[in-house]
2 protein chains.
Amino acid sequence: MADQVHRPGAEAGARVRAVRRARGLSLAALAEAAGVGKGSLSELETGRRNPTLDTLYALAGPLGVPLAALVEDRDGVAVADPDLETVRLHLLAEADRTVEVWLLRMPPGGRRRSPAHAPGTRERLVVLTGSCRVEPGDDAPLELAAGATAEWAADRPHAYTAGAGGMTGVDVITTPAPATPGG
Amino acid sequence: MADQVHRPGAEAGARVRAVRRARGLSLAALAEAAGVGKGSLSELETGRRNPTLDTLYALAGPLGVPLAALVEDRDGVAVADPDLETVRLHLLAEADRTVEVWLLRMPPGGRRRSPAHAPGTRERLVVLTGSCRVEPGDDAPLELAAGATAEWAADRPHAYTAGAGGMTGVDVITTPAPATPGG
DNA sequence: GACTAGGGTTCTGTATACGGAACCCTAGCG
DNA sequence: CGCTAGGGTTCCGTATACAGAACCCTAGTC
């Protein structure tokens, strides 16, 4: 295990800290709930550990996220945004594209701007509860009530705004490039 | 980290072995390519290790899969139908209705009839890969290619038929009354 | 039989992830 | 100032994941 460009352990640590903060949990509280040492959690969150799967799994439970969400290698995903909580439900890596299924949750009035994704990326949103307005690039805004679906090109900046009742939805992101970095 | 029901390390190990075999790689060849000890890989694959993220990341590259694919934890359990594999990704129980998010996978040509669900139940299907035909009751069949979405009333018998390339999709089921937990 | 080669497991010494104690803040209160 | 409490980090002894060597197959060839 020589020198590495990517440090998956450090990235997972940052994600743990982000989700913990988003949940309003103290480090001690999460350590207690997960049955993990306080010191271990501190060093893990600050990237000074290379955690084992057991440890991450123990943390995923109290944090309320699937284990894979802590391991996520898609960069630029903001899980630490008070206006947008994301949980990846599924990842499907194919030869020519990657499909991700995310659960989105936004507080009432929450607003989130997303930068452009990779060229050819498309998003499909199913609003489960509440309502949401999507602004895909310069196109006309889409007003989505509970139950509605929308689809747009995500390779340009776009924005979501939750309605007065907040929003819960499922977002399906299709990226046309293989997600697998070469060995 | 006392007694655990789930052993994410062992599950990841089994996945590594499965992917390695599928790639036609020997244990020694993968260990070499990943820069991981042969013995370490052996014990990891047989579930006698609790691997660190670094080790899994080193293996994910030569295996050509994203790291999360080795960690992926399916929470739901598949239904025993050779033509339809279902994984429940999410369950959202509200006061007046229940929203379930399912991942569906069907083999090429697979066909599945579904009986009528509770009155007022609606389904929304997003086809991720392959294609699918949906026959909602007596209405006209809906032909869905990859990326397409459809919505129909599910309180009457309906049927799905996968195309020649099989089908993977996300199904969102909204039931206006509290649904059976675990159903 | 001996010998070789490839695939996999077990052994061994070292590095490090672990839990937990000790410690370092900062804020609040007298 | 002292004292307390909560949040976080650093330190320490132990358990274990690590790399690599030694070993155990089985198949093939002579």
Side-chain angles (χ1 to χ4, degrees), chain A residues 1-64 67-68 70-71 79-80 82 183, chain B residues 1-63 67-68 70-71 73:
Chain A
M1 212 94 58
D3 40 12
Q4 297 195 179
V5 180
H6 284 284
R7 313 203 130 273
E11 294 171 14
R15 257 169 241 124
V16 168
R17 172 154 290 188
V19 176
R20 173 172 68 77
R21 292 256 162 89
R23 297 278 186 278
L25 288 171
S26 74
L27 192 146
L30 174 58
E32 157 83 6
V36 161
K38 219 172 94 167
S40 299
L41 180 54
S42 171
E43 293 182 352
L44 188 158
E45 286 190 353
T46 49
R48 271 168 298 142
R49 284 279 178 90
N50 168 26
T52 64
L53 235 41
D54 268 1
T55 300
L56 285 178
Y57 181 73
L59 293 169
L63 286 175
L67 174 55
L70 298 177
V71 167
V79 74
Chain B
M1 214 96 58
D3 41 13
Q4 297 198 176
V5 180
H6 282 286
R7 311 203 127 275
E11 293 171 14
R15 254 170 244 126
V16 168
R17 172 155 288 189
V19 176
R20 173 172 69 76
R21 292 257 163 89
R23 297 276 187 277
L25 288 171
S26 74
L27 192 146
L30 175 58
E32 157 83 4
V36 162
K38 218 172 96 168
S40 299
L41 181 53
S42 171
E43 294 180 352
L44 189 157
E45 286 189 353
T46 50
R48 271 169 295 143
R49 284 281 179 88
N50 167 27
T52 64
L53 233 42
D54 268 0
T55 300
L56 285 178
Y57 182 72
L59 294 169
L63 286 176
L67 174 55
L70 298 177
V71 167
D73 54 343

Donor/acceptor link under 3.5 angstrom from B:Ser40 side chain onto base of D:dA19: yes
Give the intermediate values and the outcome of salt bridge (charged side-chain N to carboxylate O under 4.0 Å, His left out) for residues A:Arg20 and A:Glu45. CA-CA 10 Å; A:Arg20 173 172 68 77; A:Glu45 286 190 353; 2.7 Å; yes
Length of the CG-P vector between A:Leu41 and D:dG8, whole Å: 9 Å
In whole Å, I'd like the distance from the CD atom of B:Glu45 to the C1' atom of C:dT9. 12 Å
Please find the pair of heavy atoms, one from B:Ala58 and one from B:Val36, that lie closest to each other, and give the distance. CB-CG2, 4.1 Å
note: B:Asn50, atom CG; D:dC18, atom C1'; distance rounded to Å ~ 13 Å
Can you find a pair of side-chain heavy atoms, one from B:Pro8 and one from B:Val71, that are under 4.5 Å apart? no
Distance check: side-chain N/O of B:Ser26 vs OP1/OP2 of C:dG6, anything under 4.0 Å? no
Give the rounded distance in Å between these two atoms: CG of A:Leu44 and P of D:dG8. 14 Å
Are any of B:Thr52's side-chain N or O atoms less than 4.0 Å away from OP1 or OP2 of D:dC18? yes
Separation of D:dG20 P from B:Leu27 CG (nearest whole Å): 14 Å
Of the candidates D:dT9, D:dA19, D:dA17, the side chain of A:Ser42 sits closest to D:dT9
Do A:Lys38 and C:dG19 share a donor-acceptor pair, side chain to base, under 3.5 Å? no
Is there a donor-acceptor pair closer than 3.5 Å between any side-chain N or O of A:Asn50 and the backbone N or O of B:Asp54? yes
Whole angstroms only, please: what is the CD-P distance between A:Glu32 and D:dG6? 13 Å
Closer than 4.0 Å, any side-chain N/O of B:Arg49 to the OP1 or OP2 of D:dC18? yes
Any side-chain heavy-atom pair from B:Arg17 and B:Leu44 closer than 4.5 angstrom? no
Is there a side-chain polar atom (N or O) of A:Arg17 under 4.0 Å from OP1 or OP2 of D:dT9? yes
Measure the distance from CG on A:Leu53 to P on C:dA17 and round it to the nearest whole Å. 14 Å
Given C:dC18, D:dG8, C:dA17, the nucleotide with the shortest approach to the side chain of A:Thr55: C:dC18
Using whole Å, what does the distance between atom C1' of nucleotide C:dA22 and atom CD of A:Glu43 come to? 14 Å
D:dG8 phosphate, OP1 or OP2, under 4.0 Å from A:Arg48 side-chain N/O: no
